[in-house]
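To start, the structure itself, in structure tokens.
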2 protein chains.
Amino acid sequence: MSQGDVVGPVDESVGYVLKQATIALRSAMDAVLRPLELTVPQYACLEVLDQRPGLSGSELARATFVTRQSMNLVLQGLQQRGLLTRTAVAGHGKALPTELTDAGRVQLRAASLAVHSIEKQMLAPLTPSAQQRLLTDLAACAAALTGERHIQLQQHTADD
Amino acid sequence: MSQGDVVGPVDESVGYVLKQATIALRSAMDAVLRPLELTVPQYACLEVLDQRPGLSGSELARATFVTRQSMNLVLQGLQQRGLLTRTAVAGHGKALPTELTDAGRVQLRAASLAVHSIEKQMLAPLTPSAQQRLLTDLAACAAALTGERHIQLQQHTADD
DNA sequence: ACCAGTGTGTCAGAATATTGACATGAGTCA
DNA sequence: TGACTCATGTCAATATTCTGACACACTGGT
């Protein structure tokens, strides 16, 4: 913004590369998830739920970056297939703790294997340390944007 | 898949971190784009079109990772606002080269500045070399997935 | 005990993107 | 020249997601 920043080709933009990677991963994921009759949001829901049982729909929604309403539809589909339970019907108004059933865990196990295989393939061109660095840097980038309310105190870590 | 791979917390998964970063960027982008009355897809279209004038709708769609149909709607909106032109109406059937108008370029200039500011903020926690590395690695990851038809010959580059 | 404030689940409507399909024009090859 | 294939633009229908809104339950303070 200060000096005359030439825009440069789009493929040097974070947004472009990020979208490219996201699309590629998303596409590969629902290719391997389709045989299991699972969508990506459904898989994400199962995965989070396995690691943090008893989460409510709203909490699940926040954890998977969707709205409560969208998560609700996901949960309905999963519940109808007997993959999870929601403490019966409480009529109206309060948090419904959600948990995986045995069938849900079985399904998740298969899905998790498939997805991890994809992620492994995606990271294959990178060395293990480069993989770890990618995750760390990506998380830092996201934090730099979401925590924009505060001034990020930039400490120059001479990492390379 | 071979050895007993513990699934581990989701936040160590590429997919999770990738989605996190994508959501953060997307959200920040349409926050700064909204005052300009531009959506993210619209901005992407303008940006690509500025760098590669004369592109057809289908080519534009591929460049921005959406379908022809979606791009068509984007183009219609942009055209109605006088931000781009499409060589009149050719009735039916053939590629319509698209170009930015002067107004389009002006609008893009403002949008580009805003978006670049966001991207800069996003990459702020990283050193310049780490930023470059992130882009490169991300592109490599995407390529590893989209070019999955071939066996990727893994050449161990001892980079770190 | 009362009452605002917050969080949650759910319903309804709108917006957006996708899939499927078709007609048209261009290029290729016999 | 004619037939075939391919790519493009567009229409229609479907699907997915989001925004807005409401009722209900728990928590805090008074």
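All chains are named by letter (A, B, ...) in the order of the sequence lines, taking the proteins before the strands, and each is independently numbered beginning at 1.
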**OP:** Using a 4.0 Å heavy-atom cut-off across all strands, classify L73(B) as base, sugar-phosphate, or nothing.
**Re:**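 Nothing: the residue L73(B), judged by heavy atoms under 4.0 Å, touches no strand.
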If only side-chain N and O atoms of [X] are considered, is one of them under 4.0 Å from the OP1 or OP2 phosphate oxygen of [N]?
X: R86(A); N: dT10(C); result: yes
X: S56(A); N: dG7(C); result: no
X: N72(A); N: dT10(C); result: yes

Flag the pair [X] / [Y] as yes when at least one side-chain heavy-atom distance between them is below 4.5 Å, and no otherwise.
X: L134(B); Y: C141(A); result: yes
X: C45(A); Y: L75(A); result: yes
X: T39(A); Y: V74(A); result: no
X: V48(A); Y: L60(A); result: yes
X: L38(A); Y: R81(A); result: yes

Original post:
Do the side-chain N and O atoms of T85(B) and Q79(B) include a donor-acceptor pair separated by under 3.5 angstrom?
Top reply: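 Looking only at side-chain atoms, Q79(B) and T85(B) do not form any donor-acceptor pair under 3.5 Å.
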Can you measure [X] atom [atom1] to [N] atom [atom2] for me and round it to whole angstrom units?
X: E59(A); N: dT6(C); atom1: CD; atom2: P; value: 18 Å
X: D30(A); N: dT18(C); atom1: CG; atom2: C1'; value: 12 Å
X: L55(A); N: dT8(C); atom1: CG; atom2: P; value: 10 Å
X: R26(A); N: dT17(D); atom1: CZ; atom2: C1'; value: 11 Å
X: R34(A); N: dT19(C); atom1: CZ; atom2: C1'; value: 12 Å
X: L60(A); N: dG7(C); atom1: CG; atom2: P; value: 18 Å

**OP:** Could you tell me whether D30(B) and R34(B) have a side-chain N and a carboxylate O separated by less than 4.0 Å?
**Re:**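 So D30(B) pairs with R34(B) through a salt bridge.
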Original post:
Does atom CD of E37(B) have more than 12 heavy-atom neighbours from other groups under 6.0 Å away?
Top reply: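 No, not enclosed.
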**OP:** Using five base pairs at each end, measure the axis-to-axis angle across the helix from dA1(C)-dT30(D) to dA30(C)-dT1(D) and round it to 10 degrees.
**Re:**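 Computed angle between terminal axes is 20°.
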Original post:
Among residues 62-70 of chain B, which contact DNA chain D at a heavy-atom distance under 4.0 Å?
Top reply: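 Those residues are R62(B), R68(B), Q69(B).
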Original post:
What distance do E59(B) atom CD and R52(B) atom CZ have between them, rounded to the nearest 0.5 Å?
Top reply: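 E59(B) CD to R52(B) CZ: 7.0 Å, rounded to 0.5 Å.
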